[in-house]
Structures are given as C-alpha cells and as structure tokens.
Protein chains: 2
Amino acid sequence: MNKNITEIYNLIQDLSWYFGNQGFDGECCEDLSLVEYMALKKVCGMKDIIIQEIGTALNITKSGVSKVIDRLEEKNYVLREQSSKDGRVCCVIPTVKGLNAVKKISDRYSEYLLEVLDSVEQDSLVNIRDVMELLYKAIREKGYIRKN
Amino acid sequence: MNKNITEIYNLIQDLSWYFGNQGFDGECCEDLSLVEYMALKKVCGMKDIIIQEIGTALNITKSGVSKVIDRLEEKNYVLREQSSKDGRVCCVIPTVKGLNAVKKISDRYSEYLLEVLDSVEQDSLVNIRDVMELLYKAIREKGYIRKN
DNA sequence: AATAATAGTTGATGATGGAAACTATTATTT
DNA sequence: AAATAATAGTTTCCATCATCAACTATTATT
C-alpha cells in the first residue's frame with residue numbers, strides 16, 4: 001500500500017472528526033445539529049431542491065430527510081411547498097432566517113479557520129484550497145465508500 | 001471574510017461528511033461504528049491508553065468513552081486492565097483481533113482513496129499529504145471549535 | 001379503468017452520547 | 001492516623017436521531 005495514500009487517508013479521517021458531529025458538542029451552531037445544518041446548506045444552495053435530492057446529497061434515507069426537514073420547518077429555517085408540476089413532489093425553500101443562519105455559521109467557521117491558518121501565506125492558502133478541491137471532487141465523483 | 005478561507009472551510013466540511021458517520025451506512029467496517037473505530041485506532045496507537053485520554057482525543061465524555069469501550073470489549077477488540085500504579089485508572093489494550101481490524105479497515109480506506117486519486121501524480125500526492133498535515137496539525141493545536 | 005410506480009410521511013425500533021449520581025481508590029488536610 | 005477532598009471510571013435515566021417497513025397521495029403505464 002502506498003505510504004502517502006495511507007497517510008492522507010489517516011489525516012482526512014482525523015480532520016473529519018473535528019468537523020463531524022464530535023467537533024461541536026452535539027450542536028453545530030444556534031439550535032442546529034450537524035445534519036440539520038448540512039441539509040439547510042443544500043436547501044440554500046439549490047433552488048426548489050426536493051427531499052430525495054437532499055437524501056442523495058447527504059447519503060441518508062428519504063425517511064431521515066423527511067424528519068430533518070420537519071425539524072428545520074418547526075424551527076422556521078425552511079418551508080415545504082408542493083411542486084406545481086408533480087403533486088407528489090415536495091420542494092424545500094429556505095426562509096430568510098435559514099439563509100441568515102447559513103451565512104452566520106459559515107462565517108463563524110471561516111473565522112475559526114482564519115485563526116487556525118493565521119500564519120499561512122496567501123500562496124499556500126491557494127494551494128490548500130486547490131488540494132481540497134481536487135480531493136473533494138475526486139471523492140464526490142467516486143461516490144461514498146461502500147460497505148462491501 | 002477571506003474568500004479562500006471560506007472555500008477551504010466549505011470543502012473541508014463537505015469532505016468530512018464523506019468520512020463521517022454518513023459516509024458508510026452506519027457501519028464503518030465489520031461490526032464497528034465510526035466512533036468505535038476511532039477509539040480503537042487510538043487504543044492501537046498508544047500503549048496503555050486510559051479512558052480519559054481517549055475521551056480527550058475524541059472530544060467525548062468519559063461516560064461516553066466507557067460505553068464505547070464496553071462495546072469494543074464485548075466484541076473482543078480490546079481488553080480493560082487496571083493500572084498497577086493507580087487503582088482508579090483503567091488501561092485499555094487492543095487484542096490481536098483489534099489490531100487486525102484497524103489494519104484491515106485502514107487498508108480498505110486506502111484502497112478506496114487509491115482509486116479516487118488514481119490519476120494524480122506522485123509529486124501531487126506528496127503535496128496533498130503535506131497540505132492535509134499542515135491543516136490537521138494547525139487545527140489540532142487550535143483545539144475543537146467551541147460553541148460560543 | 002385498473003394496476004404499477006413514485007414521492008413523501010409516519011410509527012416502531014435500535015443505537016448512542018450526555019448529565020448526574022454513584023463506587024472505588026488515592027491524595028491532602030488536620 | 002483519621003477525616004475529607006479529589007479523581008477515574010461506571011451506571012442510570014434521558015434525549016436525539018436514523019433506519020425499516022407500512023402507509024397515503026399522486027402520477028404513469030397497461
């Protein structure tokens with residue numbers, strides 16, 4: 001096994017732990033859990049996104065998404081709207097509160113990262129961004145790792 | 001807000017989702033959940049690690065760790081051993097099964113990553129590793145992001 | 001018109017982590 | 001040395017949350 005690859009894998013995994021559920025004690029920010037925030041981000045990032053698209057993007061079942069959206073709707077971050085083209089389909093729309101929350105949380109993380117990367121040169125930042133982009137694109141293309 | 005920083009943050013977060021709990025449908029590999037695997041990795045990586053050290057490393061309470069170790073012990077991945085120096089302290093030791101499991105899962109992930117990064121040059125791999133290392137070290141030094 | 005397929009919701013269930021109370025052991029104080 | 005405080009870990013109770021399977025409503029196909 002390529003040594004670099006194994007090291008990269010270990011680093012991604014450890015890094016991911018920081019940005020996963022354990023990274024902030026249960027709550028992501030405000031009253032949002034991580035999955036709620038991730039779903040809200042998808043909702044804010046795509047016009048008229050539907051339940052199943054959120055599920056595919058986040059790799060959770062439609063049943064799970066339905067409940068996440070329940071919670072987001074209860075807390076007034078999103079609205080449900082029946083599709084005019086297909087009565088079965090449920091479009092999810094962000095509220096102003098939802099849009100603001102994503103912005104605020106994103107800023108807070110960015111600020112954290114800014115402190116973390118305080119001493120890094122601007123050139124290196126570009127390199128870091130490029131590497132992360134390469135990694136993410138490649139992994140997204142490949143799809144989620146499968147059990148078998 | 002620095003544009004690169006925000007982009008890096010978003011990429012890390014999305015990448016982390018793939019390597020977090022949603023990345024593999026509940027199970028990490030074999031019969032291990034992600035947190036169980038992460039704890040097992042810590043146990044395998046440090047001689048006579050104690051409950052609280054695992055908790056600090058993974059940012060979960062000692063109560064939580066105790067239960068994770070319960071499960072790992074039930075499944076024969078680790079053993080508990082009272083410290084000879086301090087009767088209150090509980091050292092956690094990996095079994096052969098535990099060591100093998102970490103090796104196997106690590107290899108499986110590495111293989112996945114190898115496929116993902118198939119077309120990337122060796123030089124770039126080194127760069128990727130360096131970037132991830134820089135990121136991880138900086139974040140680990142800074143500590144987990146806090147709620148407030 | 002009848003049947004199949006699809007989108008989403010709901011109820012039951014299981015996994016899991018935290019808070020606080022508890023036990024056992026060690027350290028400190030008087 | 002005895003009493004008290006501090007510490008490590010465990011356990012009980014509870015809340016969160018995701019999945020499976022059954023269900024409803026709507027649309028597509030036969």
Side-chain angles (χ1 to χ4, degrees), chain A residues 17 20-40 42-43 48-75 78-93 144 147, chain B residues 17 20-28 30-40 42-43 48-75 78-93 144 146-147:
Chain A
W17 192 257
N21 254 312
Q22 301 308 326
F24 20 66
D25 314 301
E27 285 177 9
C28 180
C29 199
E30 315 274 321
D31 54 355
L32 291 171
S33 72
L34 179 59
V35 68
E36 286 164 10
Y37 172 57
M38 293 299 286
L40 182 56
K42 298 290 172 196
V43 170
D48 288 339
I49 196 169
I50 71 175
I51 298 281
Q52 302 223 353
E53 287 170 337
I54 299 171
T56 304
L58 299 182
N59 202 36
I60 51 184
T61 62
K62 57 182 183 170
S63 152
V65 176
S66 182
K67 281 169 212 186
V68 171
I69 299 302
D70 278 350
R71 281 178 260 144
L72 286 175
E73 199 169 20
E74 256 169 44
K75 291 185 269 196
V78 303
L79 289 174
R80 262 181 249 245
E81 206 168 86
Q82 201 181 36
S83 166
S84 52
K85 288 176 190 164
D86 186 333
R88 292 169 299 185
V89 172
C90 170
C91 297
V92 185
I93 324 264
Y144 285 100
K147 268 193 223 176
Chain B
W17 193 257
N21 255 312
Q22 301 308 327
F24 21 66
D25 314 303
E27 285 177 9
C28 179
E30 315 275 322
D31 54 355
L32 292 171
S33 71
L34 179 58
V35 66
E36 285 163 11
Y37 172 57
M38 293 299 286
L40 182 55
K42 298 291 173 196
V43 170
D48 289 339
I49 198 170
I50 72 175
I51 297 282
Q52 302 221 353
E53 287 169 336
I54 299 171
T56 304
L58 300 182
N59 201 35
I60 50 184
T61 62
K62 57 183 183 169
S63 150
V65 176
S66 183
K67 283 175 226 181
V68 171
I69 299 302
D70 279 351
R71 282 178 261 146
L72 286 174
E73 198 170 22
E74 257 169 44
K75 291 186 268 196
V78 303
L79 288 174
R80 261 183 250 245
E81 205 168 87
Q82 199 182 37
S83 166
S84 54
K85 288 176 189 163
D86 186 333
R88 294 167 298 185
V89 171
C90 171
C91 299
V92 186
I93 324 264
Y144 286 97
R146 288 285 141 226
K147 267 194 226 177

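These numbers come from a predicted model, not from an experiment. Within every chain, numbering begins at 1; the chains are lettered A, B, ... in the order of the sequence lines, protein sequences first and strands thereafter.
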Near DNA chain C, under 4.0 Å by heavy atom, which residues of residues 66-74 of chain A? A:Ser66, A:Lys67
Taking [atom1] from [X] and [atom2] from [N], how many angstroms apart are they, rounded to a whole number?
X       : N      : atom1 : atom2 : answer
A:Lys85 : D:dA28 : NZ    : P     : 13 Å
B:Ile60 : D:dG9  : CD1   : P     : 13 Å
B:Glu81 : D:dG9  : CD    : P     : 14 Å
B:Gln82 : D:dG9  : CD    : P     : 10 Å
B:Lys75 : C:dA15 : NZ    : C1'   : 10 Å
B:Lys62 : C:dT23 : NZ    : P     : 14 Å
A:Glu53 : C:dA7  : CD    : C1'   : 12 Å
A:Leu34 : D:dT16 : CG    : P     : 16 Å

Reckon [X] has a side-chain N or O less than 4.0 Å from the OP1 or OP2 of [N]?
X       : N      : answer
B:Ser63 : C:dA20 : no
B:Arg88 : D:dA6  : no
A:Gln52 : C:dG8  : yes
A:Thr61 : D:dT19 : yes

Please, what dot-bracket string fits DNA chain D when only Watson-Crick and G-U pairs with both distances under 3.5 Å count, crossing ones use [ ] and pairs to another strand use |? ||||||||||||||||||||||||||||||
Classify B:Gly87 by what it touches in the nucleic acid, base, sugar-phosphate, or nothing, heavy-atom distance under 4.0 Å. sugar-phosphate
Remember a base hit wins even if backbone is also touched, and classify A:Val65 as base, sugar-phosphate or nothing at under 4.0 Å, heavy atoms. nothing
Let me spell it out: for each of B:Asp86 and A:Glu36, pick the nucleotide of DNA chain D with the closest heavy atom. Which residue's pick is nearer the 5' end? B:Asp86
Here the pair of heavy atoms bringing A:Ile51 nearest to A:Lys62 is CG2-O, 4.1 Å
